[in-house]
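Below: the structure, in structure tokens.
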Amino acid sequence: MSSEIKVQIAGWLLDPDHPKRFLDSSLAVLESELKKQGLEKIYSEIELPLAKILEEIHQVGIKVDLDFLKKLSIKAAKELEQMTKRIYELAGTPFNLNSPKQLSEVLYEKLKIDFKGVPKTKTGLRTTDAEALETIKARHPVVALILDYRELFKIYSTYIEPLRNLAGPDGRVRTTFLQTNTATGRLSSQNPNLQNIPAPKGRGSPRSESGRPTIDYGEAIRKAFIAEKGFSLGAFDYSQIELRVLASVSDDERMIDAFKKGLDIHALTASNVYNVDISKVTPEMRRFAKTLNFGVVYGMGSDSFARSSGLSREEAQTFIAEYFNDFNGVRQWQEKTIQAARDFGYVENLNGRRRILENINFSNRRLAAEAERMAINMPIQSLAADIIKMAMIKIARIFKDQGLWLKKVRMLLSIHDELLFEISDDILKETIPLIEKEMESAYRLKVPLKVDLAYGKNWAEL
DNA sequence: TGCTTCACG
DNA sequence: ACGTACGTGAAGCAA
């Protein structure tokens with residue numbers, strides 16, 4: 001392990017917001033400082049061994065189907081051109097579709113589309129983001145086309161073309177996983193970012209109308225990620241890891257009980273906040289409950305929940321109150337955590353990983369409230385990140401011991417709660433349950449960890 | 001370089 | 001009156 005990497009990791013652990021501050025220090029100084037701050041274990045047992053694995057992931061890369069991408073590129077370019085032409089017709093003028101400024105002029109001034117309820121951006125322009133376009137969609141036929149254009153252009157310019165350009169002569173793309181670039185201890189991925197590859201849309205609407213995308217391009221992108229000949233891709237994702245961590249960390253009796261019993265957590269939440277039997281929960285009730293569960297992990301207020309759920313502010317408030325009434329352990333833990341953040345100026349997860357919150361005691365309510373949300377989210381998100389890191393290390397060790405690592409089993413990607421592997425077909429069947437088991441036992445929570453898995457010859461099948 | 005927008009967990 | 005839900009990276013535009 002190069003000393004520079006050690007220094008970088010050590011410096012970041014000591015001060016995530018100012019990693020460079022420590023770069024001039026000697027490793028010996030940093031290591032004693034790590035010990036003093038109780039970060040020694042995270043450093044030596046997680047980040048350092050992980051650095052080696054991330055380097056190997058980079059070296060291995062992931063195979064993409066360049067012939068397929070080329071065809072996709074041509075098809076997408078053709079569709080973009082047609083959509084552009086049609087939009088110019090409907091707008092009555094050509095303009096730069098990729099310029100939010102020009103688009104807002106065309107939409108709100110030239111076409112005089114009613115912008116009631118459409119907010120402005122911080123620079124004073126009327127926003128043209130997807131949410132705004134959705135609300136004015138019925139007011140002019142060009143709007144729906146612009147939404148489609150945006151979606152396809154995004155895929156084309158961010159995924160199709162860069163992947164083709166970044167693939168090596170062996171048809172493999174090599175992302176760089178950064179270990180010291182997030183405030184919570186998550187990994188990030190860049191050049192290319194392989195942690196935000198589009199997901200298939202699911203049961204999409206029929207795409208028969210003219211001027212609309214003819215296929216699900218998100219699904220197509222995932223199809224382009226393939227296994228080498230004689231190998232399969234295996235995807236293993238932790239089921240609801242953040243909510244399980246929340247249940248465990250907050251010691252909330254009801255939530256722990258639910259996970260122990262293997263209940264559908266969103267349905268359970270719905271049954272609680274609506275005060276109905278879990279068997280009487282409708283799909284709609286479950287949807288609201290799911291939004292609520294996410295919101296709680298993010299530390300949302302009633303306004304945000306109202307917005308994302310479509311409820312009125314009063315209704316949203318009632319739901320949240322009901323939620324914290326039902327999951328009292330969660331409420332108490334959040335209050336305790338915010339108070340600790342105020343007292344110490346930082347929060348930490350169960351492993352002692354820290355996030356410094358400079359603004360937590362500011363008198364500016366907005367900034368303080370922001371810091372409070374970070375305070376209750378960080379211990380959850382960061383422990384989930386630690387768990388998957390520990391799983392990666394365990395798994396790599398096992399296959400190295402067996403002499404299979406990189407030859408028959410390759411770790412390709414780590415996507416927050418999911419690991420993607422390339423596994424030789426001759427050992428696929430016995431390897432899958434092994435990985436699953438290692439992930440589920442990577443860390444002992446008060447609730448079980450559950451892993452969902454799938455395998456196939458390309459990423460879209462999984 | 002900052003802003004806007006949008007892809008993911 | 002203010003759209004503050006957490007964490008990222010990348011593209012194109014405009015200055």
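What you are looking at is a predicted structure, and each value in this text was computed from that prediction instead of being measured. All chains are named by letter (A, B, ...) in the order of the sequence lines, taking the proteins before the strands, and each is independently numbered beginning at 1.
Here chain A contacts DNA chain B (any atom closer than 4.0 Å to a heavy atom, that is under 4.0 Å), and the contacts span B:dC3 to B:dG9 from 5' to 3'.
Among the protein residues, A:Gly295 comes within range of the nucleic acid bases, having at least one heavy atom under 4.0 Å from a base atom. Within 4.0 Å of A:Ala385, counting heavy atoms only, lies no atom of the nucleic acid at all. In this structure, A:Ser308 reaches the bases: a heavy-atom distance under 4.0 Å links it to at least one base atom across the strands shown. Nucleic acid contact class of A:Gln190 (heavy atoms, under 4.0 Å, all strands): sugar-phosphate only. Using a 4.0 Å heavy-atom distance criterion, A:Pro119 is classed as a base contact. Among the heavy atoms of the strands lying under 4.0 Å from A:Gln102 are primed sugar atoms or P, OP1, OP2 only; no base atom is included. A:Glu131 comes within contact range of at least one nucleobase, with a heavy-atom separation under 4.0 Å.
Side-chain polar atoms of A:Glu161 and A:Asn165 form no donor-acceptor pair below 3.5 angstrom. Using modelled atom types and a 3.5 Å distance limit, the side chains of A:Glu55 and A:Gln59 yield a donor-acceptor pair.
In summary, A:Arg342 and A:Glu372 engage in a salt bridge, as defined by a charged side-chain N under 4.0 Å from a carboxylate O. Salt bridge status for A:Arg244 with A:Glu440: absent, with no side-chain N to carboxylate O gap under 4.0 Å. Under the 4.0 Å criterion applied to side-chain N and carboxylate O atoms, A:Glu47 and A:Arg353 are assigned as salt-bridge partners. A:Lys78 has no carboxylate O lying under 4.0 Å from a charged side-chain N of A:Glu81, or vice versa, which leaves the two without a salt bridge.
Applying the ring pair (Phe, Tyr, Trp, His ring centres under 6.0 Å) criterion to A:Tyr443, with sequence neighbours excluded, gives no partner residue.
Checking C:dC2 for Watson-Crick or G-U wobble geometry (two distances, each under 3.5 Å) identifies no partner in any strand. Within the shown strands, B:dC3 is the pairing partner of C:dG12 under the Watson-Crick or G-U definition, both distances less than 3.5 Å.
Going from the P atom of C:dT4 to that of B:dT5 covers 15 Å, rounded to whole Å. Comparing C:dA5 with B:dC6, their P atoms sit 16 Å apart, to the nearest whole Å.
Atom pair A:Leu367:CG and C:dC2:P shows a separation of 18 Å (rounding to whole Å applied). Protein atom CD of A:Glu242 is 13 Å distant from nucleotide atom P of C:dT8, rounded to whole Å. Spacing between atom CG of A:Leu80 and atom P of C:dG12 amounts to 12 Å, rounded to whole angstrom units. If you measure from atom CG of A:Leu97 to atom C1' of C:dG12, you get 12 Å, rounded to the nearest angstrom. One interatomic measurement links the two molecules: CD of A:Glu105 to C1' of C:dC13, which rounds to 13 Å at whole-angstrom precision.
The side chain of A:Asn196 contributes no N or O atom lying less than 4.0 Å from OP1 or OP2 of C:dA10. Distances shown here put a side-chain N or O of A:Arg373 below 4.0 Å from the OP1 or OP2 atom of C:dC6.
DNA chain C is contacted by both A:Leu178 and A:Gly117; A:Gly117 maps to the nucleotide lying nearer its 5′ end (nearest heavy atom per residue). Mapping A:Val297 and A:Arg307 onto DNA chain C by nearest heavy atom places A:Arg307 closer to the 5' end of the strand.
Side-chain N/O atoms of A:Arg366 and base N/O atoms of C:dT4 include no donor-acceptor pair closer than 3.5 Å.
Checking C:dG12, C:dA5, C:dG7 against the side-chain heavy atoms of A:Gln381 singles out C:dG7 as nearest. Distances from the side chain of A:Lys101 to the nucleotides C:dT8, C:dG12, C:dA14 place C:dA14 closest. Ranking C:dC13, C:dT8, C:dG7 by closeness to the A:Ser188 side chain, first place goes to C:dT8.
For the atom pair A:Lys457 NZ and A:Ile226 CD1, the distance stands at 10.5 Å (nearest 0.5 Å).
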